[in-house]
**Q** 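A single structure is presented below for examination.
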Amino acid sequence: MINQKQQTSFYLRRLMDMNKKIVMSGIRPTGFLHLGNYFGAVKNYVRLQDEFECYFMVADLHSLTTHPDTKELKINVQRVLSENIACGLDPEKVALYCQSHVHETAELYLYLTMLAYKGELEKTTTFKDKVRLQPENINAGLLTYPVLQTADIILHRASYVPVGKDQEQHLEMARNFANRFNHRYGDVFPEPQAFNFGDELVKVPSLDGAGKMSKSENQFATLYLSDDDELIRKKVMKAKTDSGPTVPNSSKPDYIENIFGLMKLVSSPEVISKFEEDYNNCTIRYGDMKKQLGEDMVKFISPIREKADAIRNNEQYLKEVMEKGAEKARKSARATMELVREVMGLNYF
Ligand code: TRP
């Protein structure tokens, strides 16, 4: 005879083996989405949603480590959800939820803090950066930020985590914490790996020719999905150019390469080859090129902006999305936590 507990555990383990690979990622609810976020992250989430079981989470608790004032939190959460849905994330296909709605996260985070060492947490690059940026508020949440992130990921026993390069160290720590747990208490967690599309990972260059688009750099060199048409055109027209090449088939300076790079993201192949030709035979007019790029950017961004605005103004819909997402995420979290408590020996009766 097997008892109830053994049966539950058998069922859970079988479920784990059967499941298709799980993808999990977190999105910070600070700042507006820009073109770099779109091509670097959101577009990949959208591609993954048909092939994998996906959990995409708004990291509202993480934001408390740097933004303890919660006045703006609701509006920021609503905005980030709206923008992601407008970009093509489908709340019917994925679990799209808020971190704070899945309380199991806090429990797993607690257990993991006992497996994380002060020394390794203090060495984390993001922690050191934040110590420098906010010396007046070096809270324990900031120190254990990677532990909470690990809890987010392994709570769903995720194998793949689509994130940018800046999150590599956090993921390495997640692997360490997951392995430490497995060795100490029993094999529960797969090792989470960064997921990217290899060569296809696109860098979106900034409009001022310096680096890539990012929210912290020059605001005018970054195109946001919330920018209105006039602002998009204005920003594109301000992009750095020069008087044009004088020798046929010469190589392009970085800032010109960047304009072509942006065109490749939103313009048609015919448009791109026309300007390539013009460049190569020294007849290119950058004013015309930027005008074209501006129009193509408007065509790309404005439907997303309009969709996001409509979703943001529909509180009832957003509420339903959050409820449904939290329900899916809790289901997966509950199954994991049953197993966690069992292997930890916390089931006393
Ligand atoms: N730390 C991530 C960032 O700054 C956000 C995040 C929170 C996350 N939890 C996560 C990313 C879990 C991937 C998986 O962007």
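Every number for a ligand or one of its atoms is a count from 1 in the order of the listing.
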**Q** Tell me the protein heavy atom at minimum distance from atom 4 (O) of ligand 1, and give that distance in Å.
**A** R28 NE, 2.9 Å
**Q** Among F56, Y55, Y160, which one satisfies side-chain contact (heavy atoms from CB on, under 4.5 Å) with S25?
**A** F56
**Q** Going by heavy-atom distance to atom 2 (C) of ligand 1, choose the closest among M24, Q167, Q99.
**A** Q167
**Q** Under 4.0 Å from a heavy atom of I153: which atoms of ligand 1 are those, numbered in the order shown and with their elements?
**A** 12 (C), 14 (C)
**Q** Among all protein heavy atoms in this structure, tell me which lies nearest to atom 10 (C) of ligand 1, with the distance rounded to 0.1 Å.
**A** Q149 CG, 3.5 Å
**Q** Within ligand 1, which atoms have a heavy atom of V163 less than 4.0 Å away?
**A** 11 (C), 13 (C)
**Q** Answer yes when E122 and K118 have at least one side-chain N-carboxylate O distance shorter than 4.0 Å, and no when they do not.
**A** yes
**Q** Have T222 and H34 got a donor and an acceptor in their side chains that come within less than 3.5 Å?
**A** no
**Q** Which of the numbered atoms in ligand 1 are below 4.0 angstrom from a heavy atom of A59?
**A** 7 (C)
**Q** Would you say the side-chain atoms of D227 pair up with the backbone N or O of L223, donor to acceptor, closer than 3.5 Å?
**A** no
**Q** For I27, which part has a heavy atom under 4.0 Å from ligand 1: side chain, backbone, both, or neither?
**A** neither
**Q** Return the closest protein heavy atom for atom 5 (C) of ligand 1 as residue, atom name and distance.
**A** G26 O, 3.7 Å
**Q** So, does M57 sit close enough to ligand 1 that a heavy atom of it is under 4.0 Å from the ligand?
**A** yes
**Q** Under 4.0 Å from a heavy atom of H62: give me the atoms of ligand 1 that qualify, with their elements.
**A** 7 (C), 9 (N)
**Q** What protein heavy atom sits nearest atom 9 (N) of ligand 1, and how far away is it?
**A** D152 OD2, 2.8 Å
**Q** In this structure, would I272 and V236 fall into the same cluster of hydrophobic residues linked by side-chain contacts under 4.5 Å?
**A** yes
**Q** Salt bridge between R305 and E83, side-chain N to carboxylate O under 4.0 Å?
**A** no
**Q** Go through the side-chain N and O atoms of Q49 and D90 and say whether any donor and acceptor fall under 3.5 Å apart.
**A** no
**Q** Is it true that R132 and D129 have a side-chain N and a carboxylate O under 4.0 angstrom from each other?
**A** yes
**Q** Could you walk me through whether Q134 and E136 satisfy the side-chain contact (heavy atoms from CB on, under 4.5 Å) test, starting with their C-alpha distance in whole Å, then the side-chain angles of each, then the deciding distance to 0.1 Å, before giving a yes or no?
**A** CA-CA 5 Å; Q134 53 178 62; E136 75 297 338; 3.5 Å; yes
**Q** Which of the atoms in ligand 1, numbered in the order shown and given with their element, are less than 4.0 Å from a heavy-atom of V161?
**A** 13 (C), 14 (C)
**Q** Atom 1 (N) of ligand 1: which protein heavy atom is closest, and how many Å away?
**A** Y145 OH, 2.8 Å
